[in-house]
S.K.: 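Got a structure here, written out as structure tokens. Questions coming.
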Amino acid sequence: MICNWKTKKKKENQNTNVRVSLPAVCFVWQIAMIILFGVFIRYDEESDAHWVEFKREHNITSDIENDFYFRYPSFQDVHVMIFVGFGFLMTFLKRYSFGGVGFNFLIAAFGLQWALLMQGWFHSLDPATGKIYIGVESLINADFCCAGSLIAYGALLGKVSPVQLMVVTLFGVTLFAVEEYIILTLLHCRDAGGSMVIHAFGGYYGLAISWVLYRPNLHQSKRLNGSVYHSDVFAMIGTLFLWMFWPSFNSAITDHGDGQHRAAINTYLALASSVLTTVAISSMSQKTGKLDMVHIQNATLAGGVAMGTAAEFMITPYGSLIVGFCTGIISTFGYLYITPFLEKYLKLQDTCGVHNLHALPGMLGGFIGAIVAAAATESVYSAEGLINVFDFEGSFANRGVGTQGGFQAAGTCVAIAFGLVGGAIVGLILRIPIWGDPADDNCYDDEVYWEVPEDEESIPPSNMA
Amino acid sequence: MICNWKTKKKKENQNTNVRVSLPAVCFVWQIAMIILFGVFIRYDEESDAHWVEFKREHNITSDIENDFYFRYPSFQDVHVMIFVGFGFLMTFLKRYSFGGVGFNFLIAAFGLQWALLMQGWFHSLDPATGKIYIGVESLINADFCCAGSLIAYGALLGKVSPVQLMVVTLFGVTLFAVEEYIILTLLHCRDAGGSMVIHAFGGYYGLAISWVLYRPNLHQSKRLNGSVYHSDVFAMIGTLFLWMFWPSFNSAITDHGDGQHRAAINTYLALASSVLTTVAISSMSQKTGKLDMVHIQNATLAGGVAMGTAAEFMITPYGSLIVGFCTGIISTFGYLYITPFLEKYLKLQDTCGVHNLHALPGMLGGFIGAIVAAAATESVYSAEGLINVFDFEGSFANRGVGTQGGFQAAGTCVAIAFGLVGGAIVGLILRIPIWGDPADDNCYDDEVYWEVPEDEESIPPSNMA
Amino acid sequence: MICNWKTKKKKENQNTNVRVSLPAVCFVWQIAMIILFGVFIRYDEESDAHWVEFKREHNITSDIENDFYFRYPSFQDVHVMIFVGFGFLMTFLKRYSFGGVGFNFLIAAFGLQWALLMQGWFHSLDPATGKIYIGVESLINADFCCAGSLIAYGALLGKVSPVQLMVVTLFGVTLFAVEEYIILTLLHCRDAGGSMVIHAFGGYYGLAISWVLYRPNLHQSKRLNGSVYHSDVFAMIGTLFLWMFWPSFNSAITDHGDGQHRAAINTYLALASSVLTTVAISSMSQKTGKLDMVHIQNATLAGGVAMGTAAEFMITPYGSLIVGFCTGIISTFGYLYITPFLEKYLKLQDTCGVHNLHALPGMLGGFIGAIVAAAATESVYSAEGLINVFDFEGSFANRGVGTQGGFQAAGTCVAIAFGLVGGAIVGLILRIPIWGDPADDNCYDDEVYWEVPEDEESIPPSNMA
């Protein structure tokens with residue numbers, strides 16, 4: 001299974017000069033974005049200056065009914081998760097904090113533009129005008145779409161060049177839009193917080209790329225593959241902003257009213273529960289009961305991932321606690337046993353352990369969603385509520401909850417398949433030796449792509465000046 | 001007064017192994033939460049899928065009337081204060097940043113679950129169904145309730161084990177719910193931002209525990225009881241998020257409309273005023289006018305604490321400035337003179353100076369609230385406004401503002417009494433030598449409970465690789 | 001042009017004792033604020049307890065119509081930008097992080113109080129009562145007003161005393177209120193996000209002060225004028241919170257409904273585009289394509305600055321991308337070529353490069369706004385929309401879009417003129433040798449104004465204890 005092409009040693013004097021390729025990619029893609037936006041993207045009726053007429057025509061009595069006021073606070077929370085949450089979570093390496101937060105910034109800023117187009121073409125292209133009309137919900141979806149690629153970056157952290165990351169994002173966003181179309185539109189699944197479409201897809205996408213890019217001599221960079229005291233504190237900034245705003249993530253695009261309200265409550269509870277079981281397992285795993293920062297930084301978030309699908313359902317508050325309870329345990333076990341296993345036996349190097357935080361809890365979240373959907377009843381949801389929550393309208397008016405559960409499970413499989421196959425193909429593309437990726441003994445090192453300031457130790461005491 | 005049992009030297013080879021106790025506590029309490037949530041906690045009518053029916057029955061015309069949209073932005077700000085604000089404020093010690101932010105995370109995640117139950121039983125148990133119905137306001141209240149225990153943690157920082165902190169939180173939340181019931185329900189006090197129920201209670205609770213846990217040989221850990229340059233910058237993250245979001249804290253559960261609006265304005269102004277007087281006193285206290293980071297990190301927040309009760313009243317904008325002015329001075333003086341005094345003469349070790357930031361300004365805030373309430377008039381509030389602000393309805397319809405002021409003052413005393421007595425009892429419980437607390441020469445040290453990475457100095461320069 | 005008085009060497013044993021002057025300024029100004037607030041400032045009808053009557057009289061059906069719910073989430077985002085965004089952006093220097101974030105905190109806390117008064121006198125003084133009525137929009141405007149002085153601080157970072165900064169802020173806020181009155185009220189310009197009134201003014205104000213305070217021997221502090229690894233990571237916290245919340249900044253005070261919605265979308269897009277061109281130019285500028293943290297920390301924000309005026313217009317999504325594209329390039333070029341040029345030939349020392357991030361993109365933003373305004377048509381805006389967006393009402397009912405464009409351009413010039421002239425005068429005031437500013441060989445050093453903890457290296461390993 002582990003082919004020969006996977007064990008070739010990276011040349012030590014690998015060319016990591018990206019002075020031509022990185023600017024070229026940035027310019028070409030940004031110019032392409034401008035042209036495509038010019039052709040396709042317009043304001044929707046709620047962000048267009050015609051809103052005042054639209055309001056009158058639709059008997060909307062107040063500006064507060066503009067979707068902006070329903071969703072903008074959640075949007076900003078999601079935005080913080082994407083840039084500060086994911087970004088700072090990846091600063092934990094002792095000398096890759098610039099790359100962690102900086103490349104996260106770069107690829108999210110590109111990805112969200114490409115996502116507006118890709119998601120627009122698949123979900124909201126107006127056939128009459130050939131235009132995509134965007135509003136605040138589109139921005140949230142674009143941020144969500146980036147998240148898939150940022151998760152993949154977690155598996156690749158420190159081992160790829162920024163040019164490769166731009167390629168990962170280009171294909172990642174494209175694949176995301178397609179799988180999302182299949183799962184949400186064709187299969188008519190519900191996946192408000194993206195357990196399936198974001199986390200399972202993004203996790204397996206990154207893992208598949210990392211598997212193809214396996215570096216047998218990565219141990220040569222071992223000295224840099226770890227944290228220092230303050231880099232672990234920086235990473236906690238990422239952890240906490242992800243943790244705190246996850247209720248907004250899972251509720252950002254759910255139905256107005258009870259949908260958003262319930263999704264926030266469920267996620268809040270699942271996350272709280274994850275923290276306790278993560279601490280418990282982390283402490284049990286050390287001879288003296290000491291906690292491991294890697295677990296606290298990551299596995300505490302598993303409850304949010306696993307509630308991505310079911311958060312808007314009537315999973316009940318204690319149901320949410322149970323989900324967080326189990327996924328906290330599973331995710332911490334993942335860091336303890338599965339990641340080393342994958343590295344040793346499957347030749348899979350997963351820098352941030354995205355398998356334990358995203359792939360596995362995302363997959364579980366998909367199946368939890370399927371079960372909760374299948375168990376829905378009219379007495380719990382009310383007749384109207386059931387239709388609202390599962391959107392049983394139009395051609396899906398007669399779908400039963402059992403069928404819905406089946407489709408939810410199928411959707412999870414589609415997401416995983418897209419991640420694995422798409423990631424393998426993108427991984428092969430990234431093996432072409434033109435992308436300026438670092439040598440095996442140069443991974444996890446900001447020196448390769450950043451001007452790094454002199455070391456802290458060399459500050460002369462001020463009284464010597 | 002200082003009994004003999006308070007001066008016993010902690011054995012140097014204290015057993016700090018929490019490998020059994022910490023996981024046991026986490027598992028047992030989390031499982032208890034799941035069971036109790038299963039029995040008691042349900043969605044309220046605004047987060048339940050029946051909302052669509054509820055809306056119709058109550059002639060609610062728009063989803064925007066769901067309490068979610070009134071309170072969720074404030075909730076998220078409060079959430080940030082609890083986890084990033086309190087958490088990072090406690091990272092200032094040079095080698096206890098993991099413990100500061102990590103244990104804060106753990107106990108808040110447990111505390112909010114227990115708070116939902118305790119506050120539910122006391123405040124919103126439906127006698128007909130025996131259930132507690134939760135919505136976004138419950139989440140805010142749960143976060144508030146945790147704040148009491150997190151404040152107490154500030155006095156204990158670096159000197160207790162995570163198992164002890166779980167005990168502190170279990171009892172802290174319980175006591176909080178009881179005193180809150182007495183103060184808000186029986187005495188019918190107003191305390192939107194919790195000067196009394198959160199800060200005065202939490203502060204004295206922590207101080208009483210710390211007093212009972214007095215360590216005569218704590219000087220043996222002196223080398224670690226201080227900051228380094230970057231840990232002080234980390235702590236400023238906590239300070240600023242607390243400072244910026246305090247207007248949301250004090251307005252999160254006030255009345256819709258003018259109540260939330262006014263509480264935010266008053267808190268904003270009081271905080272601004274605190275900053276200037278803190279800087280002034282801090283600068284005056286040093287021979288050369290240099291500022292002390294401890295003051296800037298803490299005393300600048302005193303204005304927010306002291307406005308916790310009065311923020312929703314018509315205290316006037318300049319009244320808010322005066323409150324901030326005075327409490328900034330008092331709090332900074334506290335750090336300069338009261339904390340050393342308490343340590344020397346009362347044998348009270350208060351790591352973060354919660355006396356100066358929470359206990360004292362909270363008590364002052366309670367009395368300020370009493371005075372402002374007693375001075376309320378119909379001309380200032382309007383007849384209807386007076387009833388709304390003080391909730392003079394039902395059995396309290398005939399209460400005058402003077403009486404209200406008296407009850408507010410009484411409420412402050414109740415909060416302090418609960419803190420002191422409750423804290424003393426919890427302190428005694430924590431003296432049982434089973435909790436894995438650190439030895440006197442091992443305090444303020446993350447090595448005791450965390451896997452700490454190698455030191456920064458040992459990073460080999462990348463060109464040596 | 002460079003007068004003799006500009007080249008005098010600062011005495012090495014400059015007196016930097018601010019023990020009298022700093023507390024004096026803080027106390028006097030804070031007391032003045034209290035008195036002036038007592039005389040002038042009152043709650044507006046939406047934050048006053050009379051709201052319940054006001055609501056009835058104006059047939060307002062729901063509390064959700066209170067402006068608080070339209071603007072408070074944006075206010076909090078702006079508040080974060082002012083305190084964490086600006087504050088942490090200025091922590092990048094290796095030994096001036098306390099001063100960066102701490103003095104930013106001090107002057108913003110003072111500035112917002114003075115801004116409420118100054119803006120109140122110019123914009124909302126009720127002639128009948130002689131009072132200023134404040135609500136959430138006033139708080140946003142006060143934060144905006146501070147931003148001008150905080151930008152100026154960026155040019156002065158490390159070279160001035162906190163007392164001088166209080167003077168910079170006192171005059172900065174005053175000048176701001178006057179130029180804002182001229183630009184927004186007399187010239188009837190639109191400038192929702194403040195390209196002109198905030199960024200162009202603030203940038204040139206700071207540059208003019210810095211020019212007058214030129215230090216020919218600043219090279220003596222060269223050892224401290226740079227970053228270390230972790231200070232650059234801290235600065236990214238500032239960058240990201242500014243970047244993420246800029247859509248809230250530009251939309252915070254635009255019209256309810258489509259105005260806020262559109263401004264957020266446009267700013268989001270412009271910022272994303274800036275990131276890619278900043279990375280491209282930064283990478284091109286180094287022989288090996290390495291990125292420079294200074295560019296990533298600053299130039300990525302230029303798109304937000306440049307959209308400050310046009311964000312609420314129908315600039316179209318691709319128009320926003322083009323603005324971000326160009327300003328990202330220009331700003332990065334500024335850091336590469338203009339800042340060194342200004343320092344060498346104009347004797348202008350600009351610590352944070354505010355010329356490249358604020359002054360120049362702000363000026364461009366003003367002119368972009370003028371062009372977009374002049375190009376507005378009824379077909380794009382709708383007849384009503386055009387009137388709403390440009391506020392063509394009252395005495396401006398007959399102004400055409402062409403004229404509006406001309407006034408917008410004139411407004412930009414007014415802002416720059418106020419910045420340059422005002423800054424020169426304030427600079428001269430700051431040259432009076434009474435303010436306790438640091439000597440040339442003592443700049444960029446927290447030791448001068450802060451109690452700085454011992455160095456990190458001196459932590460004894462815990463096992464030596």
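Only a predicted model underlies this, so the values are computations on that prediction, with no experimental measurement involved. Both backbone and side-chain heavy atoms feed into the values below; hydrogens, waters and symmetry mates do not. Below, chain A is the first sequence line, B the second, and so on; all start at residue 1.
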S.K.: Under 3.5 Å, is there a donor on one side chain and an acceptor on the other for B:Q76 and A:S248?
M.R.: yes
S.K.: Would you give the length of the straight line joining atom OG of A:S273 to atom CZ of B:F110, rounded to the nearest 0.5 angstrom?
M.R.: 12.0 Å
S.K.: Side chains of A:D77 and B:Y72: any donor to acceptor distance under 3.5 Å?
M.R.: no
S.K.: Once you round to the nearest 0.5 Å, how far does OH of B:Y43 lie from CZ of A:R262?
M.R.: 6.5 Å
S.K.: Which one of B:V448, B:T61, B:D48 has the most heavy-atom pairs closer than 4.5 Å to chain A?
M.R.: B:D48
S.K.: Please determine whether ring pair (Phe, Tyr, Trp, His ring centres under 6.0 Å) holds for the pair A:F234 and B:F234, giving the CA-CA distance in whole Å, both sets of side-chain angles, and the decisive distance to 0.1 Å.
M.R.: CA-CA 8 Å; A:F234 277 119; B:F234 277 118; 4.7 Å; yes
S.K.: Hey, are the side chains of B:M33 and A:F325 touching, using non-hydrogen atoms and a 4.5 Å cut-off?
M.R.: no
S.K.: Any donor and acceptor pair, going by atom type alone, linking the side chain of A:Y229 with main-chain N or O of B:S97 inside 3.5 Å?
M.R.: yes
S.K.: Select one option (side chain, backbone, both, neither) describing which atoms of A:L269 are under 4.5 Å from chain B's heavy atoms.
M.R.: side chain
S.K.: Would you name the heavy atoms of B:V18 and A:G289 that are closest together and state the gap between them?
M.R.: CG2-O, 3.6 Å
S.K.: Could you check which of A:D446, A:I296, A:I265 has the highest count of heavy-atom pairs closer than 4.5 Å to chain B?
M.R.: A:I265
S.K.: Who wins among A:P247, A:S320, A:G319, A:G226 for the most heavy-atom pairs under 4.5 Å with chain B?
M.R.: A:P247
S.K.: Going from CH2 on B:W51 to CD on A:E384, what distance comes out if it is rounded to the nearest 0.5 angstrom?
M.R.: 13.0 Å
S.K.: Taking the six-membered ring for Trp and the single ring otherwise, decide whether the centroids of B:F40 and A:Y318 are under 6.0 Å apart.
M.R.: no
S.K.: Check whether any side-chain heavy atom of B:Q113 sits under 4.5 Å from a side-chain heavy atom of A:L276, and report yes or no.
M.R.: yes
S.K.: Measure the spacing between CD of B:E53 and CG of A:D258 and express it to the nearest 0.5 Å.
M.R.: 11.0 Å
S.K.: Who among B:G102, B:S138, B:G135 has the most heavy-atom pairs with chain A under 4.5 Å?
M.R.: B:G135
S.K.: Are any of the side-chain heavy atoms of A:K287 and B:R19 separated by less than 4.5 Å?
M.R.: yes
S.K.: So which heavy atom on A:V275 is nearest to which on B:A109, and how close?
M.R.: CB-CB, 3.6 Å
S.K.: Can you tell which of A:I281, A:I237, A:V389, A:D292 has the highest number of heavy-atom pairs within less than 4.5 Å of chain B?
M.R.: A:I237
S.K.: Between B:G436, B:P73, B:S62, who has the most heavy-atom pairs with chain A when the cutoff is under 4.5 Å?
M.R.: B:S62
S.K.: Which of the residues B:F75, B:F54, B:F37, B:W29 is involved in the greatest number of heavy-atom pairs with chain A at under 4.5 angstrom?
M.R.: B:F37
S.K.: Are any of the side-chain heavy atoms of A:K290 and B:Y449 separated by less than 4.5 Å?
M.R.: no
S.K.: Are the side chains of B:C26 and A:T277 in contact, using a 4.5 Å heavy-atom criterion?
M.R.: no
S.K.: Are B:Y69 and A:F70 close enough that their ring centers fall under 6.0 Å?
M.R.: yes
S.K.: Give a yes or no answer on whether the side chain of A:H261 reaches the backbone of B:V136 with a donor-acceptor pair at less than 3.5 Å.
M.R.: yes
